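Just below is one structure, and these are the notes that go with it.
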Amino acid sequence: MANHKSAKSRIVRNNKRAVINGARRNRVRTFVKKVEAAIVAGDKELANTAFRTAESELMRAVRKGVFKMNTASRKISRLSQKIKAL
């Protein structure tokens, strides 16, 4: 257990941030799953609209520090390739 006041406040803050970041990560996963579901269904129009929202969510997560830039870029690139293959 932390003894210093600053260490205790960091524990509280880190727990809050973990909850917020987890929610953001989950939100991104949801949008990516929507794109993948549209790809499996073969609906290119729906996949494109879902891809645009997923891309913006991924970039927002990068700005917030949830994902690294290369990770988001890789995910976007792979989804884009799958949509183009439809």
Side-chain angles (χ1 to χ4, degrees):
M1 184 63 199
N3 292 320
H4 295 281
K5 184 178 180 182
S6 61
K8 290 178 183 178
S9 64
R10 291 293 281 196
I11 289 170
V12 171
R13 199 231 32 190
N14 288 344
N15 289 337
K16 286 181 186 176
R17 297 309 308 169
V19 170
I20 292 168
N21 287 339
R24 284 194 181 120
R25 194 174 301 116
N26 192 25
R27 184 175 165 89
V28 168
R29 286 185 190 135
T30 301
F31 281 105
V32 169
K33 283 179 189 174
K34 287 180 183 178
V35 176
E36 290 171 343
I39 291 169
V40 169
D43 190 351
K44 190 168 187 174
E45 189 63 35
L46 180 64
N48 273 325
T49 57
F51 175 71
R52 280 196 291 274
T53 57
E55 183 179 16
S56 68
E57 282 298 322
L58 274 162
M59 286 299 117
R60 185 166 186 227
V62 168
R63 283 196 309 273
K64 300 292 186 177
V66 178
F67 291 118
K68 291 187 177 179
M69 185 64 188
N70 287 351
T71 304
S73 296
R74 183 179 66 246
K75 288 179 186 291
I76 289 169
S77 175
R78 288 178 181 172
L79 285 174
S80 178
Q81 285 176 346
K82 289 178 183 177
I83 291 172
K84 287 178 184 174
L86 285 177

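Just so you know, these numbers come straight off a predicted model, no measurement behind them.
Here the side chains of Ser56 and Arg52 are not in contact, with every heavy-atom distance at 4.5 Å or above. Within the 4.5 Å cutoff, the side chain of Asn15 has no heavy atoms near those of the Val19 side chain. Using a 4.5 Å cut-off on side-chain heavy atoms (C-beta onward), Lys8 and Ile11 make no contact.
The side chain to side chain contact (heavy atoms under 4.5 Å, CB included) search around Ser80 returns Phe51, Lys84, not counting sequence neighbours. Glu57 meets the side-chain hydrogen bond (donor to acceptor under 3.5 Å, both in side chains) test with Arg27; sequence neighbours excluded.
A donor-acceptor pair under 3.5 Å is formed between the side chain of Ser73 and the backbone N or O of Met69. In terms of modelled atom types and a separation under 3.5 Å, the side chain of Asn14 and the main chain of Arg10 share a donor-acceptor contact.
If you take CZ on Arg78 and NZ on Lys82, they are separated by 8.5 Å, rounding to the nearest 0.5 Å. To the nearest 0.5 Å, atom CG of residue Asn26 and atom OG1 of residue Thr30 are 4.5 Å apart. Rounding to the nearest 0.5 Å gives a distance of 8.0 Å between CZ of Arg17 and NZ of Lys64. With values rounded to the nearest 0.5 angstrom, Ile76 atom CD1 is found 12.5 Å from Gln81 atom CD. Remark: Thr53 OG1 to Arg60 CZ distance equals 13.0 Å, nearest 0.5 Å.
Applying the 6.0 Å contact sphere to NZ of Lys44 captures more than 12 heavy atoms from other residues, nucleotides or ligands. Remark: Arg24 CZ is packed, more than 12 non-hydrogen atoms of other residues, nucleotides or ligands lying under 6.0 Å away.
The two residues Ala7 and Ala2 have their closest heavy-atom pair at CB-CB, 3.6 Å. When all heavy atoms of Val35 and Ala54 are compared, the closest pair comes out as CG2-CB, 3.8 Å.
Transitive grouping of hydrophobic side chains (ILVMFWY, heavy atoms separated by less than 4.5 Å) keeps Leu58 and Phe31 in distinct clusters. Cluster annotation: Ile83 is not connected to Leu46 through the hydrophobic network of ILVMFWY side chains, with a link wherever side-chain heavy atoms come within less than 4.5 Å. Using a 4.5 Å cut-off between side-chain heavy atoms of Ile, Leu, Val, Met, Phe, Trp and Tyr, with links allowed through other members, Leu86 and Leu79 fall into the same hydrophobic cluster.
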